[in-house]
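Written out below as structure tokens is the structure these notes cover.
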Amino acid sequence: MDEFSKNDIIEILKDDSKNDWLFSLADKIRKDYVGDNVHLRGLIEFSNICKRQCKYCGLRSEDKYIDRYRISKDDIISYAEHAANMGYKTIVLQSGEDEYYNTDLMCEIIKGIKNLGVALTLSIGEKTYDEYKAFKDAGADRYLIRIETTDRNLYKQMHPNMDFDNRVRCLKDLGRLGYEVGTGCLVGLPNQTIESLAEDILFFKEINADMVGIGPFIPHPHTPLKDEQTGSFTLALKVMALTRILLKDINIPATTAMETLNPNGRIIALQSGANVVMPNVTTTEYRAKYEIYPNKICINENPDKCRGCISAKIQSIGRTISTSQGFRVRK
Ligand code: 5AD
Ligand code: FES
């Protein structure tokens, strides 16, 4: 029943009459393969400076309105330390593609955080094999780099001066270097087809991703896509549920973008296949400035408030907060 072909996936994505069945099946597979524990990953968005021009993203280099910031090495490590003291077992470092943080500086930050005894995930974009190797040697455990879309034409339209094949190369290099590899896609980009979303899910399976993050596209007013339609929460949830059904034992976050479109979005996602949440652990001053898309949640909160808030919600649906580092356990 859960060995879906591409045609099955397309049919399920197109037909909303069986959504309840789909979400329950994904929830059951989540429970059978990864259990009731929810892994909390402490997210540090350490720079909103980016050299790229992704058409959908509010951090794109051409945006003149955004107030740019960089967090210093010492401050990054101290946010990580506070997060570890709060109970986080994984820290995620995310930024725009900002060359100020060169390989040596990144390695110092990685070592400083690894000294805290936590797992470390990087999400800092396309790098060379040698750079990925240096980060791995410095102690990084995991790497997130969404493919965004497997539709080559759409990829080209959305990412000026970027190359789909290089993105795939990054994913392959990361796997070869022994990282846990995370990828994912946007749902609802202009001109994105249901067929290509089915291809995205099959791509996650083909590269044997350890983590997959899926979120709806949310138009940012300062980008070329400002007048496009917002992606569908339900369709994003369905892509996520199908990813759980096909990849079974991987880690899947309930993404912040889901909660931006639905006030209960992360809890709904946790009940439809997700088993991870990534609360922000920086202080309030940076949160609003990391505006990938508008109306991001928690921008006026602090790290302690977010951990308490999401923990209470998770426990209210009968799930538990994991006390492990939450690596993928293959089954
Ligand atoms: N809406 C939703 N998600 C977005 N991302 C970037 N811009 C947007 C947007 N406008 C996602 C991309 C990226 C991740 C960090 O944020 O998928 O990989
Ligand atoms: Fe940040 Fe709820 S998770 S306030």
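Order of listing sets the numbers, starting from 1, for every ligand and every atom in it.
- In this model, no donor atom of one side chain and acceptor atom of the other lie less than 3.5 Å apart for D210 and N251.
- R266 counts as a contact of ligand 2, since one of its heavy atoms falls under 4.0 Å from the ligand.
- F46 has its ring centre no less than 6.0 Å from the ring centre of Y79.
- Short contacts between ligand 1 and Y56, defined as distances under 4.0 Å to a heavy atom of the residue, involve ligand atoms 6 (C), 7 (N), 8 (C), 9 (C), 10 (N).
- Protein heavy atom in closest approach to atom 3 (N) of ligand 1: L186 CD2, 3.2 Å.
- In terms of protein heavy-atom proximity, atom 6 (C) of ligand 1 is closest to I292 CG2, 2.9 Å.
- Close contacts between ligand 2 and C298 involve ligand atoms 1 (Fe), 3 (S), 4 (S) [criterion: under 4.0 Å to a heavy atom].
- Inspection of the Q53 and S61 side chains reveals an N or O donor paired with an N or O acceptor under 3.5 Å.
- S5 and D8 share a side-chain donor-acceptor pair at under 3.5 Å.
- Here the heavy atom of the protein found nearest to atom 1 (N) of ligand 1 is I218 N, 3.0 Å.
- The side-chain tip of K136 points at the ring of Y179 from less than 6.0 angstrom away and within 45° of straight on.
- Counting protein heavy atoms only, atom 18 (O) of ligand 1 is closest to E148 OE2, 2.6 Å.
- The shortest N/O to N/O separation between G58 and ligand 1 does not fall below 3.5 Å.
- Of all protein heavy atoms, the one closest to atom 2 (Fe) of ligand 2 is C309 SG, 2.2 Å.
- Considering only non-hydrogen protein atoms, atom 2 (C) of ligand 1 sits nearest to P216 O, 3.2 Å.
- Nearest protein heavy-atom contact of atom 11 (C) of ligand 1 is R146 NH1, 3.6 Å.
- E99 CD: 12 or fewer foreign heavy atoms inside a 6.0 Å radius.
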Item to complete: Mind running side chain to side chain contact (heavy atoms under 4.5 Å, CB included) on H220 and R60 for me, showing each step along the way?
Response: CA-CA 11 Å; H220 190 293; R60 62 202 305 277; over 6 Å; no
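- Side-chain rings of F217 and Y56 stay apart, their centers remaining 6.0 Å or farther from each other.
- Close approach of ligand 1 to C57 is summarised as follows: ligand atoms under 4.0 Å from at least one heavy atom of the residue are 7 (N).
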